[in-house]
Amino acid sequence: MSVEIKVPSVGESITEVQIGAWHAEQGKWVAQDSEIVELETDKATFDVPAPLDGIIVEILKKTGEMAAVGEVIGYLEEAERPADQAAPAPEKSPEKAAAVAAPQAAAPAPTGGGSDDRVMPAAARVMAEKGLTPADITGTGPGGRILKEDVLAYQAPASSGNGAFREEEIVPMSPIRKKIAERLVEAQTNAALLTTFNEVDMSAVMELRAQYKDLFLKKYDVKLGFMSFFVKAVVDGLSQFPQINAEIRGTDLVFRNYYDIGIAVGGGKGLVVPVMRNAERLSFAEIELKINDFGQRARANKIGLDELQGGTFTITNGGVYGSLLSTPIVNPPQSGVLGMHGIQERPIAVNGQVVIRPMMYIALTYDHRVVDGREAVVFLKRVKEALEEPARMLMEI
């Protein structure tokens, strides 16, 4: 009996997907519930499981091709596992998977070819096509795992005999990259964007982190980072200047009394902005746990579609990549985005004396249709004050 492999419904606004990679080859047996094909939308990546034990008898859509929701992309014929095929390994629980991730990351990369647990199935197929081994590739996935993107990004060394090695590769733009491009152009075209800057003395935050980092890690099993301080400072500022938390909806201006903060993180398929709902209700520990979870799942392309929708304000941290100063771009229909940057020790004047302090430039890009310049400047000043005197956030003054 043949069973159709169809593109499932993944959201009200999504009508088509791109075939990312087939985890199972045509003619091969697969176990029920095992992941057989990766699908990409303009918001996230997800896998389609096998509905039953059987053999992939036909693949109708290849990697890179588009398919509509409900469209048949292949056929699976019910069959028992062949005697010469080993039973699939039992799935690890998230807790067990996390427990083994660290040792895998610390282990040296194998130098030969052959099977390697670090190589993801899609990456293995591309490596085979290119004649590469795991030793050629630097894995950027969790635990040093090698992703398909790592293989595609591989650059062969220049030939010593005939000068520079020149090669071009044309690959389809992923739905996520297409959507990012569309949203960025939309933001530039449809909004009146301006950016204002300030700088923050990070001494107080760094001293608090140094004082409590060990106790925090011991109690919550997560490191105390900078982002929780910034989320708290932003929520404090938004409560004082609600226009920056508002959006234009038709001919109306919509104000919200809740703060859903988008946190921009780099994922396996590009930048994604999962939303931290009701950030005003979260403790420092809850914020750090959510950020840590977002980062891990973004790298594994496991952020859910519902987590990428909505949001009233966004924070992006270019400092983790070495940025000293930049102008972040608003994520429509939001009216503001805060850009964090690298911390550098610089000489500044304090009470008439030149001292060396850890300084960070911060930037607020805002939609001038909603937010006046005075509000934007004072909001950023409020964020600066909250970070330089963290006790103000607790005292609400």
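Because only heavy atoms are used, hydrogens play no part in the values below, and waters and symmetry mates are left out as well, while side chains stay in.
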Side-chain donor-acceptor pairs under 3.5 Å in residues 319-333, sequence neighbours left out?
from : atom 1 : to   : atom 2 : distance (Å)
S326 : OG     : H341 : NE2    : 2.7
N331 : OD1    : R183 : NH2    : 3.0

### Task
Answer yes when D293 and K302 have at least one side-chain N-carboxylate O distance shorter than 4.0 Å, and no when they do not.
no
With sequence neighbours excluded, what pairs up with [X] under the side chain to side chain contact (heavy atoms under 4.5 Å, CB included) test?
X: S283; value: A285, E286
X: A79; value: W29, I55
X: A349; value: none
X: E169; value: K130, L152, V171

### Task
Any pair with a residue in residues 315-340 that passes salt bridge (Lys or Arg N to Asp or Glu O under 4.0 Å), sequence neighbours left out, goes on the list, sorted by first then second residue, please.
none
### Query
For residues 334-354, which residue pairs qualify under salt bridge (Lys or Arg N to Asp or Glu O under 4.0 Å), counting only residues two or more places apart or in two chains?
E199-R346
### Summary
Paired with V222, the side-chain contact (heavy atoms from CB on, under 4.5 Å) test is passed by just one of I287, I291, L289, namely L289
### Query
Hey, mind stepping through V272 and L308 against side-chain contact (heavy atoms from CB on, under 4.5 Å) and telling me if it holds?
CA-CA 8 Å; V272 292; L308 299 173; 4.1 Å; yes
Could you tabulate the donor-acceptor pairs under 3.5 Å formed by side-chain atoms of residues 208-221, not counting sequence neighbours?
from : atom 1 : to   : atom 2 : distance (Å)
R209 : NE     : L224 : O      : 2.8
R209 : NH2    : L224 : O      : 3.1

## Note on the structure
Residues joined to V355 in its hydrophobic cluster, side chain to side chain under 4.5 Å directly or through other members, sorted by chain and number, are I348, V350, M359
Shortest non-hydrogen separation from [X] to [Y] and the atoms involved:
X: A376; Y: V371; result: N-CG1, 3.9 Å
X: G266; Y: R299; result: O-CG, 4.1 Å
X: A67; Y: I19; result: CB-CD1, 4.4 Å
X: D201; Y: E388; result: N-OE2, 2.8 Å
X: G373; Y: H368; result: N-CE1, 3.6 Å
X: G139; Y: D150; result: CA-OD2, 3.5 Å

How many angstroms lie between [atom1] in [X] and [atom2] in [Y], if you round to the nearest 0.5 Å?
X: L364; Y: I244; atom1: CG; atom2: CD1; answer: 5.5 Å
X: Q18; Y: E38; atom1: CD; atom2: CD; answer: 10.0 Å
X: L76; Y: I36; atom1: CG; atom2: CD1; answer: 6.0 Å
X: I73; Y: I59; atom1: CD1; atom2: CD1; answer: 9.0 Å
X: L253; Y: S335; atom1: CG; atom2: OG; answer: 7.0 Å
X: I5; Y: K61; atom1: CD1; atom2: NZ; answer: 14.0 Å

### Task
Hey, could you give me each pair passing ring pair (Phe, Tyr, Trp, His ring centres under 6.0 Å) that has a residue in residues 293-319? Not counting sequence neighbours.
F313-F379
### Task
Would you sort out whether V275 and I261 count as a side-chain contact (heavy atoms from CB on, under 4.5 Å), showing the intermediate values?
CA-CA 6 Å; V275 178; I261 308 299; over 6 Å; no
### Task
Please lay out, stage by stage, how R382 and D236 fare under the test salt bridge (charged side-chain N to carboxylate O under 4.0 Å, His left out).
CA-CA 8 Å; R382 176 80 182 191; D236 175 74; 2.6 Å; yes
Just wondering, more than 12 heavy atoms not from [X] lying within 6.0 Å of its [atom1]?
X: K178; atom1: NZ; value: yes
X: K290; atom1: NZ; value: no
X: K6; atom1: NZ; value: no

### Query
Hey, any chance L380 and I343 share a hydrophobic cluster, counting ILVMFWY side chains that come within less than 4.5 Å of each other, even indirectly?
yes
### Query
Hey, mind stepping through E247 and R256 against side-chain contact (heavy atoms from CB on, under 4.5 Å) and telling me if it holds?
CA-CA 9 Å; E247 71 174 50; R256 279 75 66 97; 3.2 Å; yes
#### Entry: side-chain hydrogen bond (donor to acceptor under 3.5 Å, both in side chains): pairs with one or both residues in residues 371-380, sequence neighbours excluded
Q243-E375
### Task
For T316 and M340, run side-chain contact (heavy atoms from CB on, under 4.5 Å): C-alpha distance rounded to whole Å, both residues' side-chain angles, the deciding distance at 0.1 Å, then the answer.
CA-CA 6 Å; T316 180; M340 301 165 56; over 6 Å; no
### Message
Could you check whether any side-chain heavy atom of R249 comes within less than 4.5 Å of a side-chain heavy atom of V254, counting everything from C-beta outward?
### Response
yes
### Query
What pairs with Y259 under ring-ring contact (aromatic ring centres under 6.0 Å, His included), at least two apart in sequence or on another chain?
none
Exercise: do [X] and [Y] side chains pair donor with acceptor under 3.5 Å:
X: E40; Y: T45; result: no
X: Q334; Y: T314; result: yes
X: T312; Y: D260; result: no

